[in-house]
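Every value quoted in this text rests on a predicted model; they were computed, and no experiment measured them.
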Amino acid sequence: MTERADRLRLLKYYTLFAFFVIGVISLLLGQVLPTLSTRLELNDSQSGTLFLALFGGSLLGTLFAVKHARRYGFVVTTLVGLIFMIAGLPGLNFSNFAICWGAIFVYGCGLGLTIPAINLLTIETTPAGQQSGSINLINFAWGVGAICSQPFVESASDGESLVNVTLILDAVLILLAICFLSASRGIGDQKTHEQILEPGNRIWHRRSSWLFILFGFFVIGIESGLGGWLTTYSESLPVRGINLTVVFFSFVVLGRGIAAIVSRRISEESLISICSVTLLTGVFLIVVGESSATLGAAIAGLGTSAIFPTNMVRFAKIFGPAATRRATPLFISGIAGSASLSWLIGSVSTSYGSLRIGIAVLLLAAVFVLLLQTVIVIVFRRAA
C-alpha cells in the first residue's frame, strides 16, 4: 500500500511537470511562426492554415482519447500522446510546407491525447475534496509553461534554425515517457474512468445547454488566437523587445491566482461577467492602436484567465456533479473555436494587408462572449 502511495505521489509530480512542458508546446507554433513563415515564404493566410493543422490534430486526438482511454486507461493514453509529440516536433525543421503542416498535425494529435487524459488522470487519482485544487495546480503549471515558451524558443533558436528547440523538447518528452511508464507500474488505471468518459447523456438534449458550446467556442478561440498571433504582431510594434504573448500569458497566470481568492466572495456569474467585460476591453486596446497594445494584452490576459475554468464550475452546478464527466463537447467546441478564429485572423490579415485588422476578428468574438454570458444568466436565472 505504501509503495502504491509513493508511486501515486510520483505520478502527480510527473503530471505537473508534463503540463508545464505541454504549456510550452501548446504555444510553440505561435513562437516559431515568424521563422516558419520566412523559411517557407508564407503570407499570413498560409500561416493561418498551420493553426488549422495544430487544432485539427488536437481535435482528432481529443476524440480518440475518449475511446482509447476508456479501453486502455489514462496513463497509456498519455504515453501515446507523448510519442505523437516526439514524432511530430522534428518535422518543424523541414523546408517543405506539406511536411511541416503534417508534423504540426501530428504533435497536435499528441496534445489532444495528453491534455484530457492527464486532466482525467488527476481527477481519478485525487481524493474528492482535493480535486479542484489539483486541477487548478496543473493548469497553473500549463500557464507557467506558456509564459516560458517564447523565452525558451528565443534562447534555443538563432532565428533561422529550430533544431535545438525540437531536440531539447524531444529529450524532455522522452524522459517524461520513461517516468510515466515507471511510475504507473503497480498502480493501474482505476476502472472508474469508464464512468468518467461515459458517452450517452441527457444534458445535451436540452437546447439551453448548447449555449455553453458557443460560449466555449469563442472564449477558447480568443485565448488561442491571441496566443498564436501576438508574437508576430509584436514585431510590428514601434517599441521593440516587448513580446505581447509573454505579457498576455503572464497576466493569465496572475488572473487565475486572483480568481482563486475572489471566487470565494462572489458568484460564478458575477466573476464571469466581470472577466467578459475585462476581456472585451483588453482586446479593444490591442486593436485600437499600437501604443495601447501592451496594456491591452495585460488586460485581456486578466479577462480570459478565469472564464473557462469558472464556466466549468458553473456547468457542473447547473447540470449536476456528474456533468463534468460529460463535458467532452465543451472541450471539442474550444478546439474548434481555436482552429477557426486563429485561421480567420490570418485570412483577414492577408485580405486587408494588416495583422491588426486580422486580430480585430477577436474583438467581434469578445462581443459575442459578453452577449452569450448575458443570455446564459437570463435563461438559467429564469429556470432556477
Nearest 0.5 angstrom please: [X] [atom1] to [Y] [atom2], how far?
| X | Y | atom1 | atom2 | result |
| --- | --- | --- | --- | --- |
| Leu113 | Tyr107 | CG | OH | 15.0 Å |
| Ile376 | Phe212 | CD1 | CZ | 5.0 Å |
| Leu244 | Ser250 | CG | OG | 11.5 Å |
| Leu28 | Leu169 | CG | CG | 6.0 Å |
| Leu173 | Leu82 | CG | CG | 6.0 Å |
| Leu280 | Leu285 | CG | CG | 9.5 Å |

Return yes when atom [atom1] of [X] has more than 12 non-hydrogen atoms of other residues, nucleotides or ligands closer than 6.0 Å, and no otherwise.
| X | atom1 | value |
| --- | --- | --- |
| Trp343 | CH2 | no |
| Phe251 | CZ | no |
| Phe217 | CZ | yes |
| Phe284 | CZ | no |

Before you tell me yes or no, could you show the steps for Ile286 and Leu362 under side-chain contact (heavy atoms from CB on, under 4.5 Å), namely the whole-Å CA-CA distance, both residues' side-chain angles and the distance that decides it to 0.1 Å? CA-CA 10 Å; Ile286 291 172; Leu362 301 183; over 6 Å; no
If two hydrophobic side chains count as joined below 4.5 Å and joins carry through other members, does [X] share a cluster with [Y]?
| X | Y | value |
| --- | --- | --- |
| Val277 | Leu271 | yes |
| Leu370 | Leu211 | yes |
| Val24 | Tyr13 | no |
| Phe19 | Phe308 | yes |
| Ile357 | Leu355 | yes |

Tell me whether [X] contacts the main-chain N or O of [Y] through its side chain, where contact means a donor paired with an acceptor under 3.5 Å.
| X | Y | answer |
| --- | --- | --- |
| Gln373 | Glu269 | yes |
| Ser349 | Ile345 | no |
| Thr15 | Lys12 | yes |
| Thr231 | Gln31 | no |
| Thr350 | Ser347 | no |
| Ser305 | Leu302 | yes |

Shortest non-hydrogen contact between [X] and [Y], atoms and distance:
| X | Y | answer |
| --- | --- | --- |
| Leu33 | Gly228 | CD2-O, 4.3 Å |
| Ala339 | Leu52 | O-CD2, 3.5 Å |
| Val283 | Ile222 | CG2-CG2, 4.4 Å |
| Arg356 | Val288 | NH1-O, 3.5 Å |
| Leu16 | Ala141 | O-CB, 3.6 Å |
| Phe248 | Leu226 | CE1-CD1, 3.5 Å |

In terms of the angle between their ring planes, are Phe368 and Phe218 parallel, tilted or perpendicular, with boundaries placed at 30° and 60°? parallel
Are Trp229 and Phe51, when compared by the centres of their aromatic rings, separated by less than 6.0 Å?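 Distance test on ring centres: under 6.0 Å, yes.
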Verify the distance criterion only: is there a donor paired with an acceptor across the side chains of Ser224 and Ser338 at less than 3.5 Å?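 There is such a pair (donor and acceptor under 3.5 Å, judged by atom type) between the side chains of Ser224 and Ser338.
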Steps toward side-chain contact (heavy atoms from CB on, under 4.5 Å) verdict (Thr49, Leu42): CA-CA 10 Å; Thr49 64; Leu42 306 177; over 6 Å; no
Carefully, step by step, assess Ile307 and Ser276 under the rule side-chain contact (heavy atoms from CB on, under 4.5 Å). CA-CA 7 Å; Ile307 296 181; Ser276 297; 4.2 Å; yes
Do Arg314 and Phe380 meet the cation-pi criteria used here (NZ or CZ under 6.0 Å from the six-membered ring centre, within 45° of the axis)? no
Are the side chains of Trp210 and Pro329 in touch, meaning some heavy atoms are under 4.5 Å apart? no
Are the side chains of Leu372 and Val219 in touch, meaning some heavy atoms are under 4.5 Å apart? no
Take Thr245 and Leu27, measure what side-chain contact (heavy atoms from CB on, under 4.5 Å) needs, and give me the verdict at the end. CA-CA 9 Å; Thr245 303; Leu27 272 290; 4.1 Å; yes
